[in-house]
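Each remark here refers to the structure printed beneath this line.
Letters go in sequence order (proteins before strands), and every chain restarts at 1.
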Amino acid sequence: MTVSVATWNVNGIKARIDNLLTWLEESKPDIACLQEIKSVDENFPKARIEDLGYNVVTHGQKGFNGVAILSLLPIDEATPRLPGDDGDEQARFLEAVVSVEGGALRVCCLYLPNGNPVDSDKFPYKLSWMERLEAFARDRLALEEPLILAGDYNVIPMPEDARHPDEWVGDALYRPESRGAFRRLANLGMTDALRASSDADGLYTFWDYQAGAWQKNNGIRIDHLMLSPQAADRLSGVTIEKHVRGWEKPSDHVPVRIELT
DNA sequence: ATGGTGGCTTGGCCA
């Protein structure tokens, strides 16, 4: 059987609910990981999404951040928070185990810290968060299960992942420390789904609202699905749903969707 | 060009 899994930074669920419902009806991903819901759990429009057949789990906070996982398949477990720092109050991580035909699929929805400005405490927070993510991945990879780490990584992995890489030099999304941490995650044995399935050069997932970035295709690729070997072996397709950026009241990110067969 | 745009909130932070 085929399982489809998508990730989308919606930039505010309240502002994006109509676009989200339109997209769900059109794309019908089995599992969708959402970031930047910017909502507490109680205000998340759960019922309208459940009406489309989805099970919904959220890990929200007031005003900022917040992640959610939607699944047409049963969610057996859902666990918020990235291990490694009990004092971290930011809602950026949600792990779920979903029942699929023939077993279980572990899906983690992550919203990695932006890290700018780099001379503030936000940059070391980003790097320590990435160290925690690497430790978490190492631990989960030992299970030798199909595993997907999907989300907004706020990392431009390579120059080919930006229309104008020179404009990003010095930015936390492109700093060598950030790219190195992303590479260490890959080097544990995780596959960047888009890189694996196609020539990713010139394919972007984010276009800033400012300065006509969308109209000029001045984009970057920062939304990624990283796959364990057991998931990567089943990868049969990847799609960047770019047309969603052209809708009314768009998010600045678009959905990225994979198929496992 | 120290701006630009948008979301969540009511003064200002975050991206």
Side-chain angles (χ1 to χ4, degrees), chain A residues 7-23 32-46 48-49 58-68 82 88-94 109-130 133 150-157 161-175 177-179 181-182 204-224 242-256:
Chain A
T7 180
W8 188 17
N9 180 322
V10 295
N11 189 23
I13 191 62
K14 191 190 297 181
R16 216 67 60 215
I17 182 62
D18 290 340
N19 280 7
L20 174 67
L21 295 172
T22 300
W23 171 69
C33 297
L34 308 181
Q35 301 87 38
E36 280 206 271
I37 62 174
K38 297 185 177 179
S39 165
V40 293
D41 296 333
E42 307 83 76
N43 293 343
F44 191 83
K46 207 174 169 187
R48 297 186 64 183
I49 296 166
T58 61
H59 176 45
Q61 77 178 81
K62 184 177 178 176
F64 307 108
N65 307 322
V67 289
L82 179 64
D88 184 359
E89 296 297 327
Q90 299 192 30
R92 297 179 173 276
F93 191 87
L94 181 58
C109 177
L110 64 97
Y111 176 47
L112 210 146
N114 176 294
N116 284 304
V118 293
D119 59 357
S120 72
D121 55 4
K122 293 180 181 178
F123 191 52
Y125 173 64
K126 174 179 195 153
L127 297 179
S128 69
W129 206 94
M130 294 188 82
L133 182 63
D152 176 0
Y153 280 71
N154 269 314
V155 175
I156 303 166
D161 297 312
R163 177 71 183 272
H164 296 300
D166 52 302
E167 293 177 0
W168 293 93
V169 172
D171 191 284
L173 278 62
Y174 194 59
R175 279 279 294 250
E177 298 93 328
S178 310
R179 295 171 58 195
F182 184 85
Y204 311 126
T205 65
F206 168 92
W207 296 260
D208 202 287
Y209 289 122
Q210 304 178 63
W214 168 243
Q215 289 75 12
K216 293 187 280 192
N217 193 29
N218 182 11
I220 52 177
R221 190 173 72 92
I222 57 175
D223 299 274
H224 309 298
K242 187 176 177 179
H243 66 289
V244 173
R245 186 64 176 78
W247 289 353
E248 287 294 310
K249 262 178 80 74
S251 169
D252 40 6
H253 297 249
V254 297
V256 185

Side-chain touch A/Arg163/A/Trp207, heavy atoms, less than 4.5 angstrom: no

Phosphate-side-chain proximity, A/Lys249 and B/dG7, N/O vs OP1/OP2 below 4.0 Å: yes

In whole Å, what is the span from the CZ atom of A/Phe44 to the C1' atom of B/dC8? 16 Å

Across the strands shown, which category fits A/Ala211 at heavy-atom distances under 4.0 angstrom: base, sugar-phosphate, nothing? nothing

Regarding A/Asp171 and A/Asn116, do their side chains bring together a donor and an acceptor under 3.5 Å, going by distance alone? yes

Between B/dT2 and B/dG12 - P atom distance, rounded Å: 22 Å

Round to the nearest Å and state the distance from A/Gln210 atom CD to B/dG7 atom P. 12 Å

Specify the separation, in whole Å, of atom NE2 of A/His253 and atom P of B/dG7. 13 Å

Find the distance A/Asp252:CG to B/dG4:P and express it as a whole number of Å. 18 Å

Can you tell me if A/Arg16 touches the phosphate of B/dC8, counting only side-chain N or O atoms and a distance under 4.0 Å to OP1 or OP2? no

Given B/dC14, is OP1 or OP2 found less than 4.0 Å from the side-chain N or O atoms of A/Lys122? yes

Rounded to whole angstrom units, what separation is found between the CG atom of A/Asn11 and the P atom of B/dC13? 18 Å

Answer with base, sugar-phosphate or nothing: what part of the nucleic acid does A/Tyr111 contact at a heavy-atom distance below 4.0 Å? sugar-phosphate

Of all the nucleotides listed (B/dT5, B/dC13, B/dG6), which has the minimum atom distance to the side chain of A/Phe64? B/dC13

With DNA chain B as reference, determine whether A/Gln90 or A/Ile37 sits nearer its 5' end, using the nearest nucleotide of each. A/Ile37

To the nearest angstrom, the CZ-C1' distance between A/Arg245 and B/dG6 comes to 10 Å

Pick one: which of A/Asn9, A/Thr7, A/Thr205 meets side-chain hydrogen bond (donor to acceptor under 3.5 Å, both in side chains) with A/Asp152? A/Asn9

Can you tell me the distance, in whole Å, between the CG atom of A/Asn43 and the P atom of B/dC8? 11 Å

Let me know, please, whether A/Asn114 or A/Ala15 comes out on the 5' side of the other along DNA chain B by nearest nucleotide. A/Ala15

Is the distance from the ring center of A/Trp8 to that of A/Trp23 below 6.0 Å? yes

Using atom C1' in both nucleotides, what's the gap between B/dG4 and B/dA15 to the nearest angstrom? 13 Å

Which whole-number value in Å describes the distance from A/Gln61 CD to B/dC14 P? 11 Å

Please name the pair of heavy atoms, one in A/Asn19 and one in A/Trp247, separated by the smallest distance, quoted to 0.1 Å. O-CZ3, 3.5 Å

